[in-house]
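These notes concern the structure reproduced below.
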Amino acid sequence: MNICYLDRNSLPIPTNLLHKIRQVSLLRIWRVEILLIFIVILSGCSEIPRNDIEGIEFSYKTYVKESDSNKAEKLEKETYRQVENFDFVFFRGNIWTEVVISNRNDKQLTIVLANNDKLNYDYSLYKKDSLREGLKLVSESNSLGYSDGRSFHFPKPNFKITIEPRTSNCYYLHSTSDGRVVETTPYITTLDGYLQIIKRETYINVFFYGSLFVVFLINIFLWRSFKNKIHGYYSFYIIFTAAIFIGFDGYYFENGIDGHIIDHLIFLALRGMLLCLIFFTSLFLKISDLAPKFHVWMRRVVIALFIGTTSYQLIFFNSSIASLHSLENIISSVLMVLVFVMLLISFKQKRKEVRYYSVGLFIYLFCLIIGLVGPRIDFFDQYQINFNFYFKVGTTLETVIFTYTIIAVLRLKEDTSNEQFKKSLVLRDSIESENKALKARITSVSQQKMEFLSILKLLESNLNDEQEWVSFKAKVNEINPSFIQNLQAK
């Protein structure tokens, strides 16, 4: 019989990750980050007068015309259609906004005409010439790096206008779009008010990019310390996210990069961000263990989409941008559906991981929804809090929460490993007890066998006659028929 003995040194003793994680003092920064986020939200809610300047009357009408060409076309109202609140719309063609500004004051005023469009860089401002019945281009210095001659170095189109007392002027704001999202609703504010908007946006960006940088450093530190792929994927996710916002905030454009190149950079960053998000989510929820076939299929689909769209974008470099704006929107929706499918797969067996992941995801989605709905609510509109602001708040909260929840998942994994280790120790003690009992049983059986052999030898020495031995076995068989057979078998 083979007897297996367990050795304590042969048991797999897990590394004490929890102890090392708790020594990482940088992880306490997340609490400070969340506090700073709410401070930024409060500071960003300072009311800035807009469309409500004393003595100034303001009205506008927007006309659009779909076209496959990005060339500017004259405003012929009979060929255009009038729209209202032309924001967050995928559009390809020409956009004209007619703005009427009347100064009822007895003094000259300088105001700023602007909108919140960050994705289109070719705005032109014209002033209606009542004498010549034509449009006159409002000339501004073009030394700021933007192609539309905006007045201030700012990613959103802005034009400084001086209005004489007791006059009414008609302006036309023109732009073309190649299929991207437009946000053309104009507004006016005082010169000081617009400088305050620029200052506030600068503070928000400093905080936003600073927060992303700190969270990125924490993930890089954890990745190098624990060699865990999940921190690597999330580090690249943060890099791609920052690259997208840098493009939206106009930092590429103001440094001389062509607008067409910027579009390509933003799409590549968006694709990389979604790819890292899918891989991060699958590791976070352990999809490869729960649904291995789905995991393999999902990776193949995501990689195929990434290679296919990137190849199309680069092969048709000069013409792909127009169709990519709507195509990427569809692909992003499909990948988000995959994220929710992974959450459903993990719900029963990985409830804690799903709960941790859902906190970051739904806070981000909540801020995104507020950003989309907010401009249509008077309370948000009067404070000049736009979509981009809530998008940044949601992204910052998401990165902080996910970084912290990764640590929570590692703690959960460590607790599970410790519990399994304790169970293995209990099992080892149980097996050792059974081994000892088995050894004692074998020793007892061996002793009984030796005693039986001694008895047989004694009988054999006393029963010299064959007839006596046969008679003895017959009597034993009468008493216990299987005794001699069992004795011989032992």
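The number of heavy-atom neighbours closer than 6.0 Å to CZ of F236, taken from other residues, nucleotides and ligands shown, is 12 or below. Counting heavy atoms of neighbouring residues, nucleotides and ligands inside a 6.0 Å radius, atom NZ of K229 does not exceed 12 of them. Applying the 6.0 Å contact sphere to CZ of R224 captures no more than 12 heavy atoms from other residues, nucleotides or ligands.
Taking 4.5 Å as the limit, some side-chain heavy atom of F294 sits within range of a side-chain heavy atom of V341. Side-chain contact check for Y172 versus T97: every heavy-atom pair is 4.5 Å or farther apart. At least one side-chain heavy atom of L397 sits under 4.5 Å from a side-chain heavy atom of V393. Two residues are said to be in side-chain contact when any heavy atoms from C-beta on lie closer than 4.5 Å; Y356 and F284 meet this criterion. Looking at L270 and F240, their side chains never come closer than 4.5 Å, going by heavy atoms from C-beta outward.
Listed for the T167 side chain is no donor-acceptor partner under 3.5 Å among the backbone atoms of I163. Listed for the N103 side chain is a donor-acceptor partner under 3.5 Å among the backbone atoms of N105. A donor-acceptor pair is defined here as one N or O able to donate and one able to accept, closer than 3.5 Å; such a pair exists between the side chain of S151 and the backbone of K160. With hydrogens and angles ignored, the 3.5 Å screen pairs no side-chain donor or acceptor of Y233 with any backbone N or O of L275. A donor-acceptor distance shorter than 3.5 angstrom exists from the side chain of Q313 to the backbone of H264, with no hydrogens or angles considered. Between the side chain of T310 and the backbone N or O of I307 there is no donor-acceptor pair closer than 3.5 Å. Within the 3.5 Å criterion, the main-chain N or O of F91 finds a donor-acceptor partner in the side chain of S177.
Minimum heavy-atom separation, L343 to V354: O-CG2, 3.9 Å. In terms of heavy-atom proximity, Y126 sits nearest to V138 at C-CG2, 4.1 Å. Closest of all the heavy-atom pairs between P165 and D106 is CB-C, 3.5 Å. Of all heavy-atom pairs spanning V112 and L191, the tightest one is CG2-CD1, 4.0 Å. For the residue pair I246 and Y209, the shortest heavy atom distance occurs at N-OH, 3.2 Å. What you find for T399 and Y234 is that their closest heavy atoms are CA-OH, 3.1 Å.
Separation of atoms CD1 (I111) and CD1 (I56) is listed at 5.5 Å; rounding is to 0.5 Å. Expressed to the nearest 0.5 Å, how far CG of L109 lies from OG1 of T190 amounts to 10.0 Å. Of the inter-residue distances, the one linking N158 atom CG with I188 atom CD1 reads 14.5 Å to the nearest 0.5 angstrom. Atom-to-atom distance recorded for H174:NE2 and W96:CH2 is 5.0 Å, nearest 0.5 angstrom. Interatomic distance, NE2 of H295 versus OG of S282, reported as 4.0 Å (0.5 Å rounding). Taken to the nearest 0.5 Å, the CD1 atom of I204 stands 13.0 Å off from the NZ atom of K199.
In this structure, a donor-acceptor pair under 3.5 Å is present between the side chains of Y357 and T281. Judged purely by distance below 3.5 Å, without hydrogens or angles, the side chains of Y237 and N219 never pair a donor atom with an acceptor atom. N94 and Y63 share no donor-acceptor pair across their side chains, judged by distance under 3.5 Å alone. A donor and an acceptor atom, one from each side chain of D117 and N115, are nowhere located under 3.5 Å apart.
Checked against the 6.0 Å centroid criterion, the rings of F402 and F280 qualify as a close aromatic pair.
We find that K156 and D249 are not joined by a salt bridge, their nearest charged nitrogen and carboxylate oxygen being 4.0 Å or further apart. Here E183 does not pair with K118 in a salt bridge; the nearest charged N to carboxylate O distance is not below 4.0 Å. Residues E54 and R104 are not paired through a salt bridge, judged by the lack of any N-O separation under 4.0 Å between the basic side chain and the carboxylate.
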Does L217 form a side chain to side chain contact (heavy atoms under 4.5 Å, CB included) with F213? I'd like the steps, not just the answer.
CA-CA 6 Å; L217 289 180; F213 182 69; 3.5 Å; yes
For N228 and W223, run side chain to side chain contact (heavy atoms under 4.5 Å, CB included): C-alpha distance rounded to whole Å, both residues' side-chain angles, the deciding distance at 0.1 Å, then the answer.
CA-CA 6 Å; N228 198 320; W223 185 19; 5.6 Å; no
F245 vs F391, test: ring-ring contact (aromatic ring centres under 6.0 Å, His included). Steps then yes/no.
CA-CA 10 Å; F245 277 102; F391 201 14; 5.1 Å; yes
Given R271 and E328, is the salt bridge (charged side-chain N to carboxylate O under 4.0 Å, His left out) satisfied, shown in steps?
CA-CA 8 Å; R271 219 166 289 130; E328 288 291 347; 2.5 Å; yes
Go through it in stages, so that I can follow the logic: the residues are N169 and K127, the test is side chain to side chain contact (heavy atoms under 4.5 Å, CB included), and I'd like the CA-CA distance, side-chain angles, deciding distance and then a yes or no.
CA-CA 8 Å; N169 297 322; K127 182 179 179 181; 3.9 Å; yes
Check step by step if side chain to side chain contact (heavy atoms under 4.5 Å, CB included) holds for S168 and V100.
CA-CA 7 Å; S168 179; V100 178; 3.9 Å; yes
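The side-chain tip of R299 points at the ring of F279 from less than 6.0 angstrom away and within 45° of straight on. Judged by the 6.0 Å and 45° rule, R351 forms a cation-pi pair with F347.
When the ring-ring contact (aromatic ring centres under 6.0 Å, His included) test is applied to F316, the partners found at least two apart in sequence or on another chain are Y312.
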